[in-house]
*Asks:* 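Supplied in structure tokens, the structure appears directly below.
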Protein chains: 2
Amino acid sequence: MTDLLTVARLAGVSRATAARAFSEPEKVREATRDKVYAASEAVGFRPNYVARQLRTQSTRIIGVMLPTLCNPLFSEQLQAMEQVARAGGYSLMVATTDYDAERESAVMENMLRQRVDGLVLTVADAQQSACLALLEREPLPVVLVHNPAAAPHFITVSVDNHQAMYQATGRLLDLGHRHIGMIAGPVQQSDRARLRYQGYCQAMTNAGMSPLPLIEMAHHTRADTRLLLPWLGPEQKLTALICSNDLLALSAIGCLQRQGYRVPEQISVMGFDGIALGEMLCPSLSSVVQPQQELGQVAMESVLGLIAGAVISSRRLDFTLRQGESIARARF
Amino acid sequence: MTDLLTVARLAGVSRATAARAFSEPEKVREATRDKVYAASEAVGFRPNYVARQLRTQSTRIIGVMLPTLCNPLFSEQLQAMEQVARAGGYSLMVATTDYDAERESAVMENMLRQRVDGLVLTVADAQQSACLALLEREPLPVVLVHNPAAAPHFITVSVDNHQAMYQATGRLLDLGHRHIGMIAGPVQQSDRARLRYQGYCQAMTNAGMSPLPLIEMAHHTRADTRLLLPWLGPEQKLTALICSNDLLALSAIGCLQRQGYRVPEQISVMGFDGIALGEMLCPSLSSVVQPQQELGQVAMESVLGLIAGAVISSRRLDFTLRQGESIARARF
DNA sequence: TTGTACGCGTTATCAG
DNA sequence: CTGATAACGCGTACAA
């Protein structure tokens, strides 16, 4: 792991020439270049990116901050981002925050010190995010994913969560459902969950019904039977359940079936996100499909664009309603 | 984003003192320290880790290389690793390889140039991995996850895949199954899949049966009904299916149910990995449970240990068989 | 085309 | 406790 000087000496050239052989090969005569390469093979030389980064003031690293990797939505998005980044010659520094604002700030600070060239983040709540406030003063290229495009200072890539949940609820209403409940994870942690609940409320209200209070689970990814049962009793007899994400929906279906309910015959369940697995199971999951890969791709392309000095604007991506087997017409 | 010298001047101290205020605060008088901090606030100074990395020859970055993030096994493992790393003051550089040996080598080379302090990797096939061969000559701390501890040069954290699948198959045999098929993704891509198939074969042979050829799917994460059906016809009437991973198992159950088969009444299905979702669905998935978080934790602790100069050895972690509702006694 | 020389922002090593 | 100075490894004017 020696340095360029050693290589240069062995190759019988100056250090500058050796350096050029790596960073600007076309500016070095072929014979000279080969000598340099041979020499670096011999001594096991490998360019030191840290030194290069210091010198060029550019790390070619993108910082990626996500709430969690337990939700396939985020992990597939990360996978897509990584591919775009690598194709563009960038590496990824990754951190998760578990929807914790303090961790968000700590992660951010660390990435800024690392001098990442850009940032792609999904914060828990863009409205009251200390780390976004901090970022406003930084000249760093930043792209938000999923967060509502509230902060006009930031480029955002997202779907319209409010509208999506409005339509999803509408689908259930169209099927004749009147007793529709909505479940979510800890909702004050997530601005998207709030938007989705608002979408649900508006759909209910527009249809002349009063929205039910949100059924809030302790985890973002697992439904709790005990919190579900009261809504299925004789008093509050839900015929449909709409969920803030697919993992919640799938585990809710599991809970219901385990309690002897048949889905969708006795109760319809609708998810949100459109994770791949939902399509394969039986009954297949009805869901709002977010273009997960595209979200990651567009977000990464946007930061890279910003870094390259291009003019980039926020993007609203299209969602679709996937008609699965987990919902059916309401009957009495 | 100014530098230490600016801060020092403003604070009326030397650059060395300003530096110490950050890296060794206890060696600076409190009054001086405060002046430095005040000055750095004023000019918006933030320590430059790149410069520090160059000087100290240590990046406090761990490179993590995984086949894919689409399998929750890997993404949850990554999440666990990230937490341990952050707690230890390390950051993560993450890349995926999609089981492609060339991408493995490219990713590796990039991480070496980035001067990561250590590496945690899962390669497609440890036996014939160009990047592992390359690594043997490097003095870098490396920990392999999941790969069989074949290469004695490397610390490995894994479960015994062969033994696990042997026992899982045994469980089906104990339930009276005789026609047990195994499905997997592209098997030549993964040394684990091969080991698991061997475990299956040995269990079958020991029980006096001849193992069936592997049913190989095009994707690691999705079963294909068309490839499954021939094994359910009158000639090859399987009563149990054992799968190389849980996503394959869950999608296989979906395929079967969609074809009108009842699980487990008509056919038992067993998975491998023990992803969280499997437990929530109905029928719940019988599976070999790998300690996903522990795998990540132990792996990360091991590299950090190696970096710290501790003596670390390979670890075999325990797996368990989860008895789910997807398997039942064979009947005729 | 190749070589010389400087600086990127920090920490380590001394000396005071 | 504080200050001066030399690296760390590389890129890149500028000169030859």
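Chain A is the first sequence line, chain B the second, and so forth, proteins listed ahead of strands; every chain is numbered from 1. Quick caveat: nothing in here was measured; it's all calculated off a predicted structure. Side chains included, hydrogens not; waters and symmetry mates left out as well; all remaining heavy atoms used.
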*Asks:* Quick one: is A:Gln57 getting a side-chain N or O under 4.0 Å of the C:dG9 phosphate, OP1 or OP2?
*Replies:*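 So the side-chain polar atoms of A:Gln57 do come within 4.0 Å of the phosphate oxygens OP1 or OP2 of C:dG9, strictly under.
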*Asks:* Taking only N and O in the side chain of B:Gln53, is any of them less than 4.0 Å away from OP1 or OP2 of C:dT11?
*Replies:*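 Looking at the OP1 and OP2 atoms of C:dT11, neither is under 4.0 Å from any side-chain N or O of B:Gln53.
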*Asks:* Nearest 0.5 Å please: distance from the CG atom of B:Asn48 over to the CZ atom of A:Arg115.
*Replies:*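 Separation between the atoms: 4.0 Å.
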*Asks:* Between D:dT2 atom P and B:Asp34 atom CG, what is the distance in whole Å?
*Replies:*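 For the pair B:Asp34 CG and D:dT2 P, the rounded distance is 12 Å.
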*Asks:* Report yes if the side chains of A:Leu304 and A:Ile62 come closer than 4.5 Å at any heavy-atom pair, otherwise no.
*Replies:*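 Of all side-chain heavy-atom pairs linking A:Ile62 with A:Leu304, at least one is under 4.5 Å.
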*Asks:* Can you measure B:Arg46 atom CZ to C:dG9 atom C1' for me and round it to whole angstrom units?
*Replies:*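 Checked: the CZ to C1' distance equals 15 Å.
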*Asks:* From CZ of B:Arg9 over to C1' of D:dA4, roughly how many Å is that when rounded to an integer?
*Replies:*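 My rounded result for the distance is 14 Å.
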*Asks:* With the side chain of A:Arg52 defined as its heavy atoms from C-beta on, choose the nearest nucleotide among D:dC1, C:dT2, D:dC10.
*Replies:*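 The answer is D:dC10.
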*Asks:* Atom CD of A:Glu26 and atom C1' of C:dT2: how far apart are they, to the nearest Å?
*Replies:*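 After rounding, the reported distance stands at 15 Å.
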*Asks:* Check whether any side-chain nitrogen or oxygen of A:Thr32 sits under 4.0 Å from OP1 or OP2 of C:dT2, and answer yes or no.
*Replies:*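 For C:dT2, OP1 or OP2 has a side-chain N or O of A:Thr32 closer than 4.0 Å.
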*Asks:* Could you give me the CA-CA distance, side-chain angles and deciding distance for A:Gln114 and B:Gln53, then say whether side chain to side chain donor-acceptor pair (under 3.5 Å) is met?
*Replies:* CA-CA 10 Å; A:Gln114 182 61 50; B:Gln53 286 159 2; 2.9 Å; yes
*Asks:* Looking at residues 11-21 of chain B, who's got a heavy atom less than 4.0 Å off DNA chain D?
*Replies:*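 Here the set is B:Val13, B:Ser14, B:Arg15, B:Ala16, B:Thr17, B:Arg20.
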*Asks:* Looking only at non-hydrogen atoms, find the nearest pair between A:Phe154 and A:Glu136 and report the distance.
*Replies:*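 Distance-wise, the nearest heavy atoms are CZ-CG, 3.7 Å.
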*Asks:* For B:Val50, which contact category applies under a 4.0 Å heavy-atom criterion: base, sugar-phosphate, or nothing?
*Replies:*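 No contact.
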*Asks:* Round to a whole Å and report the spacing from CG of A:Leu4 to C1' of C:dG3.
*Replies:*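 So the two atoms are 14 Å apart, to the nearest Å.
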*Asks:* Tell me the interatomic distance from B:Tyr49, atom OH, to C:dT11, atom P, rounded to whole angstroms.
*Replies:*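 Taking atom P of C:dT11 as the reference, OH of B:Tyr49 is at 10 Å.
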*Asks:* Are side-chain N/O atoms of A:Gln297 and A:Gln83 paired as donor and acceptor at under 3.5 Å?
*Replies:*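 Result is no, nothing qualifies.
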*Asks:* Tell me: CG of A:Leu54 to P of C:dC8, nearest whole Å?
*Replies:*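 Spelled out: CG on A:Leu54 to P on C:dC8 is 9 Å.
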*Asks:* A:Leu5 CG to D:dG9 P: how many Å, rounded?
*Replies:*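 Distance, rounded to whole Å: 10 Å.
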*Asks:* Quick one about A:Thr59 and A:Asp117 (side-chain donor to acceptor, distance below 3.5 Å, no hydrogens or angles considered), yes or no?
*Replies:*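 Indeed, the side chains of A:Asp117 and A:Thr59 share at least one donor-acceptor pair under 3.5 Å.
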*Asks:* Tell me whether B:Glu301 is salt-bridged to B:Arg315, with the criterion being a basic N under 4.0 Å from an acidic carboxylate O.
*Replies:*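 No, B:Glu301 and B:Arg315 are not salt-bridged.
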*Asks:* With hydrogens left out and only the distance checked, is there a donor-acceptor pair under 3.5 Å joining B:Arg55's side chain and the base of C:dT11?
*Replies:*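 Looking at the base of C:dT11, it does pair with a donor or acceptor on the side chain of B:Arg55 (distance under 3.5 Å).
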